[in-house]
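Note sheet for the following structure.
Only this structure's heavy atoms are used, side chains among them; waters, hydrogens and symmetry mates stay out. Keep in mind it's a predicted model, so treat the numbers as computed, not measured.
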Amino acid sequence: MAKIDMVRNLGVVAHIDAGKTTVSERFLFHSGKIHKVGEVHDGETEMDWMEQERERGITITAAATTFEWKKHEIHLIDTPGHVDFTIEVERSLRVLDGAVVVFCGVAGVQPQSETVWHQADKFKVPRIAFINKLDRIGASFTATIADIRERLGANAVAIQIPIGTEDAFSGAIDLVRMKAHMFTGDVTDTPEITEIPSELQASAADARDQMIQALADLDDALAVKYLEGQELTVAELDAAIRKATIGVKMVPVLGGTALRNKGIHPLLDAVIAYLPSPADVPPVSGVDPRNTSERLTRAPKNSEPFAALAFKIAMDEGRKVVFMRVFSGTIEAGHEVLNVRTGKKEKIARLFQLHANKRERLDKAVAGEIVAVAGLKDATTGDTVCDPKAPILLERIDTYEPVISQAIEAENQSAKERLDFALGKMADEDPTFRFNDDADTGQTLIRGMGELHLEIIVDRMKREYGVQARAGKPQVVYRETILGEGDGQAVFERSISASGSEQMIYGEASCHVRARPRGTGMEFNKALPASAILPPNIVAAAEQGLKDAASSGPEGYPLEDVEVTLTKIVLKEGSNGEIGSRAAAAEAFRRAVAAAKPSRLEPIMAVEVTVDDEFLGAVIGDLTQRKGNVQDVGTRGVKRVVSAHVALRNMFGYSTRVRSLTEGRATFSMQFHAYDTLQT
């Protein structure tokens with residue numbers, strides 16, 4: 001078991017097709033963890049181990065593994081690049097200390113690279129950028145760095161420069177050590193370290209100067225030495241880069257081509273040199289569950305009380321396995337832990353170290369490690385698991401609301417039971433997947449982040465649980481709002497017989513509603529006349545009535561972006577005002593909404609299509625036909641990039657259409673942008 005400062009918890013993140021999984025596979029091969037290189041296009045990678053991943057050549061679940069590099073223990077998570085599986089990236093970044101962000105040297109910063117970058121910003125994750133595919137036609141190291149600076153607002157600083165371009169790419173100059181790394185491209189060869197070729201010495205000196213200037217801006221001591229013309233040592237430069245990277249003030253940039261085995265060794269060295277160990281990151285903070293106003297911290301030390309975050313649930317042959325990051329303390333198989341959300345103690349049956357879908361038994365897990373645990377029956381994504389004697393509640397992982405739904409039905413009653421069981425297991429694993437039985441139609445509805453997401457869910461249920469189910473067409477998940485303002489007033493009067501006596505229920509309530517800006521959510525206020533002296537329980541009941549009614553609009557969809565103000569409550573002597581006020585407020589709210597121009601909202605997607613010039617007109621024409629709002633038409637390398645906002649209901653079947661329009665030469669990405677009023 002490595003010392004904590006010799007551990008790295010690392011994620012590889014990127015846009016789909018930028019080469020994340022290939023980078024991860026090369027890490028494993030060069031470290032000796034695997035002895036055969038699997039390729040994504042052959043469906044033979046270690047990290048993409050699900051059948052669906054191998055068939056489609058994409059990563060769906062975040063796979064975890066552990067390997068060694070130069071006596072350091074590296075826990076690696078290879079994450080998906082497709083937007084439908086964005087939660088997998090989010091929850092991985094929440095528990096990692098550092099990330100390698102892979103960019104395609106031809107396409108530069110792509111939409112999903114922006115998404116993962118902003119997710120990493122949210123968790124303040126230190127990053128190294130790796131510009132991949134430098135051997136491709138049109139690849140440019142400098143243009144991609146400029147793109148990272150401009151589109152991501154990142155302080156990207158090259159710590160090496162490539163030798164040769166496109167087909168002639170053969171090595172990289174290390175600007176810290178001022179040596180050339182020459183790559184043969186053979187997977188078993190280590191780079192040959194030589195002197196810098198004479199024709200590149202001037203450009204290398206220039207690039208080194210730019211790197212030092214960027215570091216001097218962030219480090220006063222280094223700036224003084226630089227301005228005085230003193231020679232800076234390798235150790236000083238390494239320390240300055242490490243400090244700036246861990247402080248999220250700078251992103252070191254390296255380049256290579258993972259598929260051709262060029263640039264991986266220096267990248268692994270940079271991971272160890274510049275990304276933090278668990279001991280370098282600030283103590284994790286949380287609250288005391290018994291008193292949530294009291295902040296607590298846990299330092300990454302074995303001597304501290306045990307605290308861990310469950311960040312992923314997986315099913316292994318029907319048994320539940322919880323992936324967790326140990327932030328502090330130690331844990332052994334057989335120990336009891338507290339799940340703070342449920343307030344219950346559970347016993348850890350077994351501990352494993354991970355390698356994709358294979359597991360090695362562990363006796364003990366220590367601070368800073370990422371491990372899998374069997375035995376925690378009630379744990380879900382985002383749960384804090386800790387020492388029962390020292391409870392702490394860590395910040396949960398945000399989940400995303402589904403935007404697409406689909407009806408699914410089993411063939412008969414026994415298949416329905418299997419279907420419900422499988423759906424429950426899927427929802428346990430994936431917090432962005434939901435299902436429910438529709439009260440009106442009796443159908444089972446599944447909801448998720450996109451067409452591919454639901455397709456994979458249905459496919460996995462067939463293969464893993466033997467569930468034969470028919471899936472309907474995907475449907476859009478709508479919301480409702482109001483466009484104006486309105487008032488509502490209602491009286492609720494009822495008499496009921498209870499145990500032989502008559503009880504009068506009475507309530508009268510008024511409220512005012514008005515539209516709020518898009519995306520700001522619901523707001524509940526009260527503006528009752530000062531003269532009205534009302535018992536607190538009556539006011540609370542009326543407010544609850546408003547909240548109950550606000551859960552859905554006139555068409556039955558969730559309501560959002562409405563400000564609701566309770567303006568009046570009237571009671572009658574001798575009647576039950578609590579039930580009456582609640583019912584009257586709910587009806588008053590419904591009337592106010594009906595008077596305030598209710599409108600349906602639909603998910604609008606941000607669509608980006610990368611296409612050759614000759615097909616640009618056809619792509620724009622098609623998006624316009626789909627009532628898309630074209631935001632921008634730009635250039636990226638030799639390709640054109642069209643950005644548009646389009647209603648999700650108009651995007652079904654788009655991947656087939658765009659392929660036929662462009663002879664299969666366009667790529668597109670689509671991610672949720674906002675809920676907005678129906679586009680007609």
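- Listed by chain and residue number, His512 satisfy the side-chain contact (heavy atoms from CB on, under 4.5 Å) test with Asp487 (two or more places apart in sequence, or in another chain).
- Pairing each heavy atom of Gly11 with each of Leu96, the nearest pair is CA-CD1, 3.4 Å.
- Partners of Arg640 according to the side-chain contact (heavy atoms from CB on, under 4.5 Å) rule, which considers only residues two or more places apart in sequence or in another chain, are Val611, Asp613, Leu616, Val633, Thr635.
- Looking at heavy atoms from C-beta onward, Phe130 lies out of side-chain contact with Val12 at the 4.5 angstrom threshold.
- Looking at heavy atoms from C-beta onward, Phe589 lies out of side-chain contact with Asp548 at the 4.5 angstrom threshold.
- Considering all non-hydrogen atoms of both residues, Gly105 and Thr144 come closest at O-OG1, 3.4 Å.
- Taking CZ of Arg518 as the start and CG of Asp561 as the end, the distance is 5.0 Å to the nearest 0.5 Å.
- Contacts of Asp147 classified as salt bridge (Lys or Arg N to Asp or Glu O under 4.0 Å), with partners at least two apart in sequence or in another chain: none.
- From Leu259, atom CG reaches atom CG of Asn132 across 8.5 Å, with rounding to the nearest 0.5 Å.
- Counting heavy atoms from C-beta outward, Leu152 and Val109 have side chains that approach closer than 4.5 Å.
- Nearest heavy atom pair, residue Val476 against residue Pro603, reads CG1-CD, 3.3 Å.
- Here Glu560 pairs with Arg479, Leu601, Tyr675 under the side-chain contact (heavy atoms from CB on, under 4.5 Å) rule; sequence neighbours left out.
- Checked against salt bridge (Lys or Arg N to Asp or Glu O under 4.0 Å), Glu485 has no partners two or more places apart in sequence or in another chain.
- When all heavy atoms of Pro252 and Thr245 are compared, the pair lying nearest together is CG-OG1, 3.3 Å.
- Applying the side-chain hydrogen bond (donor to acceptor under 3.5 Å, both in side chains) rule to Gln631 yields the partners His645; only residues at least two apart in sequence or on another chain are considered.
- Scored by the side-chain hydrogen bond (donor to acceptor under 3.5 Å, both in side chains) test, Asn9 finds Asp97 as partners (sequence neighbours excluded).
- When the side-chain hydrogen bond (donor to acceptor under 3.5 Å, both in side chains) test is applied to Arg149, no partner is found at least two apart in sequence or on another chain.
- Here the side chains of Leu423 and Phe433 are in contact, with some heavy-atom distance below 4.5 Å.
- For Glu150, the salt bridge (Lys or Arg N to Asp or Glu O under 4.0 Å) test picks out no residue, with sequence neighbours left out.
- No donor-acceptor distance shorter than 3.5 angstrom exists from the side chain of Glu409 to the backbone of Thr444, with no hydrogens or angles considered.
- Expressed to the nearest 0.5 Å, how far NE2 of His673 lies from CE of Met605 amounts to 10.5 Å.
- By the 4.5 Å heavy-atom criterion applied to side chains, Val562 and Thr481 are counted as neighbours.
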Determine, step by step, whether Ile264 and Phe183 satisfy the side chain to side chain contact (heavy atoms under 4.5 Å, CB included) criterion, reporting the C-alpha distance in whole Å, the side-chain angles of both residues, the deciding distance to 0.1 Å, and the verdict. CA-CA 10 Å; Ile264 297 296; Phe183 311 121; over 6 Å; no
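- The minimum heavy-atom distance between Pro126 and Leu275, with the atom names listed, is O-CD2, 3.8 Å.
- Among the candidates Val609, Val607, Leu623, the single residue satisfying the side-chain contact (heavy atoms from CB on, under 4.5 Å) test with Val658 is Val609.
- For Glu166, there are no side-chain hydrogen bond (donor to acceptor under 3.5 Å, both in side chains) partners two or more places apart in sequence or in a different chain.
- For Arg260, the side-chain contact (heavy atoms from CB on, under 4.5 Å) partners at least two apart in sequence or on another chain are Asp135, Thr257, Lys262.
- Note that CD1 of Ile620 is 11.0 Å distant from CG of Asp622, once rounded to the nearest 0.5 Å.
- In this structure, Thr565 OG1 and Arg514 CZ are separated by 7.5 Å, a value rounded to the nearest 0.5 Å.
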Set out, in order, the CA-CA distance, both residues' side-chain angles and the distance that settles side chain to side chain contact (heavy atoms under 4.5 Å, CB included) for Val251 and Ile148, then state yes or no. CA-CA 10 Å; Val251 180; Ile148 295 170; 5.8 Å; no
Taking distance alone, no hydrogens or angles, what donor-acceptor pairs closer than 3.5 Å link side-chain atoms of residues 155-164 to residues at least two apart or in another chain?
from, atom 1, to, atom 2, distance (Å)
Asn155, ND2, Lys249, O, 3.1
Gln160, OE1, Gly255, N, 2.9

Please determine whether salt bridge (charged side-chain N to carboxylate O under 4.0 Å, His left out) holds for the pair Arg127 and Asp121, giving the CA-CA distance in whole Å, both sets of side-chain angles, and the decisive distance to 0.1 Å. CA-CA 10 Å; Arg127 276 148 276 179; Asp121 278 343; 2.9 Å; yes
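- Nearest heavy atoms, Gly486 versus Ala596: N-CB, 3.7 Å.
- Glu523 places a side-chain heavy atom less than 4.5 Å from the side chain of Asn525.
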Set out, in order, the CA-CA distance, both residues' side-chain angles and the distance that settles side chain to side chain contact (heavy atoms under 4.5 Å, CB included) for Trp117 and Val101, then state yes or no. CA-CA 8 Å; Trp117 195 270; Val101 187; 3.8 Å; yes
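- The shortest side-chain heavy-atom distance between Glu602 and Tyr557 does not fall under the 4.5 Å cut-off.
- The number of heavy-atom neighbours closer than 6.0 Å to CZ of Arg516, taken from other residues, nucleotides and ligands shown, is above 12.
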